[in-house]
Number of protein chains: 2
Amino acid sequence: MKTYDYAYRPLLAVDCTIFGFRDGKLNLLLVRRDIEPRRGKWSLMGGFLQANESLDEAAARVLEQRTGLKEVYLEQFKAFGEVDRDEAERTISVGYYALVDQEKAQLQLSTEFAAHWVPITDVPPLIFDHNEMVAAALNRLRHRATHEPVGFELLPEKFTLTQLQSLYEAIFGTSIDAGNFRRRLRKMEYLQRLNEKDTNSSRKGAWYYRFVPEDYAHAKRNGADFLLKP
Amino acid sequence: MKTYDYAYRPLLAVDCTIFGFRDGKLNLLLVRRDIEPRRGKWSLMGGFLQANESLDEAAARVLEQRTGLKEVYLEQFKAFGEVDRDEAERTISVGYYALVDQEKAQLQLSTEFAAHWVPITDVPPLIFDHNEMVAAALNRLRHRATHEPVGFELLPEKFTLTQLQSLYEAIFGTSIDAGNFRRRLRKMEYLQRLNEKDTNSSRKGAWYYRFVPEDYAHAKRNGADFLLKP
DNA sequence: ACAAAAGTGTTTTTCTTACACCCATGA
DNA sequence: TCATGGGTGTAAGAAAAACACTTTTGT
């Protein structure tokens with residue numbers, strides 16, 4: 001059933017800014033573009049919306065097709081619609097960012113698309129307005145990470161508080177006082193300490209922790225709000 | 001030049017959630033929809049993207065066509081893309097919210113589209129997912145109003161501090177301690193007190209103030225950040 | 001003089017910040 | 001034993017919250 005008599009129909013794409021974290025660095029997953037124009041140039045992962053899927057589903061599909069990852073944290077952050085943003089044809093793109101466990105993603109990356117992790121501090125020139133997208137995604141991530149417990153999505157199930165601090169330092173590009181940072185963490189009852197230590201990076205060993213979503217939901221109902229500033 | 005061989009092209013619309021403020025109430029500008037389906041039902045102001053305009057420009061055009069207002073504060077907040085959100089045909093809609101001086105807008109409203117101001121506390125059922133849009137827009141406004149000086153867009157050039165407080169109370173649906181609120185305002189050097197009082201609502205009269213964007217820009221460069229919480 | 005809105009001050013408590021300090025352990 | 005990252009404690013100061021208080025003026 002068609003009711004609207006409007007002929008103009010731009011293409012509609014989704015682009016994913018995919019964040020990962022490793023060795024104290026916040027990274028971005030980039031691909032070499034596999035279609036013209038600008039084939040071979042660095043690009044975010046994107047794809048065109050299909051008839052049977054919502055925007056959120058399209059973003060999840062693009063992510064899964066290229067990385068094999070499911071159930072990933074995905075958040076829409078902005079639609080990009082400048083007239084000449086895609087030189088080939090008018091395309092509106094809806095920007096999403098994803099937070100993935102870089103260790104898990106890496107294993108399942110197919111190499112044919114030449115995907116690479118690049119430190120956020122060292123992003124090369126990307127096609128179209130993708131650099132602008134990355135900047136907007138990072139802004140949104142910074143905001144979200146201070147007010148919601150999404151940072152954990154970038155870490156393995158088990159992590160140490162030092163790792164968590166290092167993650168936040170990478171996200172914000174600042175250094176954080178360990179004492180103050182840990183005090184805030186100590187108050188979060190939804191961080192469960194495991195009976196297991198990470199002895200990789202120190203003699204003493206650091207306790208592993210786990211984020212417990214159910215406990216967070218409970219704390220939230222009781223009026224606690226997550227806040228983790230740099 | 002066409003390079004992409006993708007046939008699927010949904011319609012692309014923009015919808016504007018227009019906020020106004022009057023008599024201590026935060027209001028929404030709604031229209032009776034003038035096309036099928038659901039002609040005559042309450043709706044946000046929307047329109048389809050055209051070939052020669054960006055998303056931002058489309059939103060500004062829709063707003064101007066229907067209210068005559070130019071140079072209005074407009075911010076994109078979310079793209080809506082559920083498959084069945086528009087029953088007539090697949091349409092992706094990019095949501096914008098606008099902050100207007102209700103007094104100014106009112107004068108220039110054409111009546112043929114039957115636009116009405118409705119208190120935000122009493123929004124009727126709207127077509128499609130427009131109620132969801134309003135909720136998202138309000139969330140965004142609340143956040144923006146705490147961290148950026150955008151509230152002034154809803155007030156006349158000259159306003160009293162009591163009006164400003166009343167605005168914030170309406171935006172957040174809470175009551176605010178006058179003493180604490182005013183102390184925060186006193187620190188903002190970019191609020192200029194005029195040599196003129198508003199005597200409409202009190203015997204004593206309240207000083208008029210003006211927001212000075214240049215002074216704000218200056219303060220911002222010096223590291224001051226706007227913060228007005230309820 | 002008094003009601004009522006405008007506007008200021010003060011006390012209490014809570015949160016930040018900066019930094020000193022102890023702990024555990026492998027080399 | 002000592003260097004190193006892990007982890008805790010605390011004192012000074014800033015900021016938030018609660019609320020008592022003063023000012024002005026039309027009636």
Side-chain angles (χ1 to χ4, degrees), chain A residues 22-25 145-147 155-156 158-170 172 174-189 191-210 219 222-230, chain B residues 22-25 142 145-147 155-156 158-170 172-189 191-210 219 222-230:
Chain A
R22 165 113 81 131
D23 297 335
K25 290 194 166 187
T146 48
H147 297 288
L155 297 171
K158 301 185 299 187
F159 53 86
T160 69
L161 300 189
T162 306
Q163 279 178 284
L164 186 58
Q165 177 178 345
S166 161
L167 168 65
Y168 270 74
E169 290 177 329
F172 291 95
T174 61
S175 70
I176 303 176
D177 180 283
N180 297 332
F181 188 77
R182 299 173 85 97
R183 183 193 9 256
R184 285 199 281 254
L185 296 176
R186 229 175 294 148
K187 288 183 200 151
M188 302 179 177
E189 325 96 57
L191 284 186
Q192 182 184 55
R193 199 184 79 184
L194 309 179
N195 286 321
E196 193 184 352
K197 283 193 167 191
D198 170 25
T199 51
N200 294 321
S201 52
S202 89
R203 334 253 122 79
K204 184 181 178 182
W207 290 109
Y208 274 122
Y209 282 77
R210 198 170 77 84
N222 292 11
D225 43 335
F226 187 90
L227 185 64
L228 221 35
K229 287 180 303 184
Chain B
R22 165 115 79 133
D23 298 334
K25 290 195 165 184
R142 283 178 175 156
T146 44
H147 298 287
L155 296 171
K158 302 184 299 185
F159 54 85
T160 68
L161 300 189
T162 307
Q163 279 178 284
L164 186 58
Q165 177 178 345
S166 161
L167 169 64
Y168 270 74
E169 290 177 329
F172 291 96
T174 61
S175 71
I176 303 177
D177 180 281
N180 297 332
F181 188 78
R182 299 173 84 98
R183 185 192 5 269
R184 285 197 282 253
L185 296 177
R186 230 174 294 149
K187 289 183 199 150
M188 302 178 177
E189 324 97 61
L191 284 186
Q192 182 184 57
R193 199 184 80 184
L194 308 179
N195 286 322
E196 193 185 352
K197 283 193 166 190
D198 170 23
T199 51
N200 294 321
S201 52
S202 88
R203 334 244 123 78
K204 183 180 178 182
W207 290 108
Y208 274 121
Y209 283 77
R210 198 170 77 84
N222 292 11
D225 42 337
F226 186 90
L227 185 63
L228 263 190
K229 287 181 304 183

Novice: Using the side chain to side chain contact (heavy atoms under 4.5 Å, CB included) definition, which of the options Glu196(B), Lys197(B), Gln192(B) pairs with Tyr208(B)?
Specialist: Glu196(B)

Novice: Base contacts versus sugar-phosphate-only contacts with protein, heavy atoms under 4.0 Å: please encode nucleotides 3-14 of chain D as B, S and - from 5' to 3'.
Specialist: -SBBSB-B----

Novice: Could you state the CG-C1' distance from Asn200(B) to dT25(D), rounded to the nearest angstrom?
Specialist: 15 Å

Novice: Specify the closest pair of heavy atoms between Leu228(B) and Met188(B), including all atoms of both residues, with the distance to one decimal.
Specialist: CG-CE, 3.9 Å

Novice: So, taking the atom named CZ in Arg193(A) and the one named CG in Leu161(A), what distance separates them when rounded to the nearest 0.5 Å?
Specialist: 9.5 Å

Novice: Could you please spell out the steps behind the side-chain contact (heavy atoms from CB on, under 4.5 Å) verdict for Arg182(B) and Thr162(B)?
Specialist: CA-CA 9 Å; Arg182(B) 299 173 84 98; Thr162(B) 307; 3.7 Å; yes

Novice: If you define the side chain from C-beta out and look only at heavy atoms, does anything of His147(B) sit under 4.5 Å from Leu227(B)?
Specialist: yes

Novice: Among residues 222-230 of chain B, which residues get a heavy atom nearer than 4.0 Å to DNA chain C?
Specialist: none

Novice: To the nearest Å, give me how far apart CZ (Arg184(A)) and P (dA18(C)) are.
Specialist: 11 Å

Novice: Please report, rounded to the nearest Å, how far the C1' atom of dG9(C) is from the NZ atom of Lys187(B).
Specialist: 14 Å

Novice: Once you round to the nearest 0.5 Å, how far does OG of Ser166(B) lie from CZ of Phe181(B)?
Specialist: 9.5 Å

Novice: If I take atom CZ from residue Arg184(B) and atom CD from residue Gln165(B), how far apart are they, to the nearest 0.5 angstrom?
Specialist: 10.0 Å

Novice: Would you kindly give the CG-to-C1' distance between Leu164(B) and dA6(C), to the nearest whole Å?
Specialist: 14 Å

Novice: Side chains of Leu164(A) and Tyr168(A), heavy atoms from C-beta outward: is any pair under 4.5 Å?
Specialist: yes

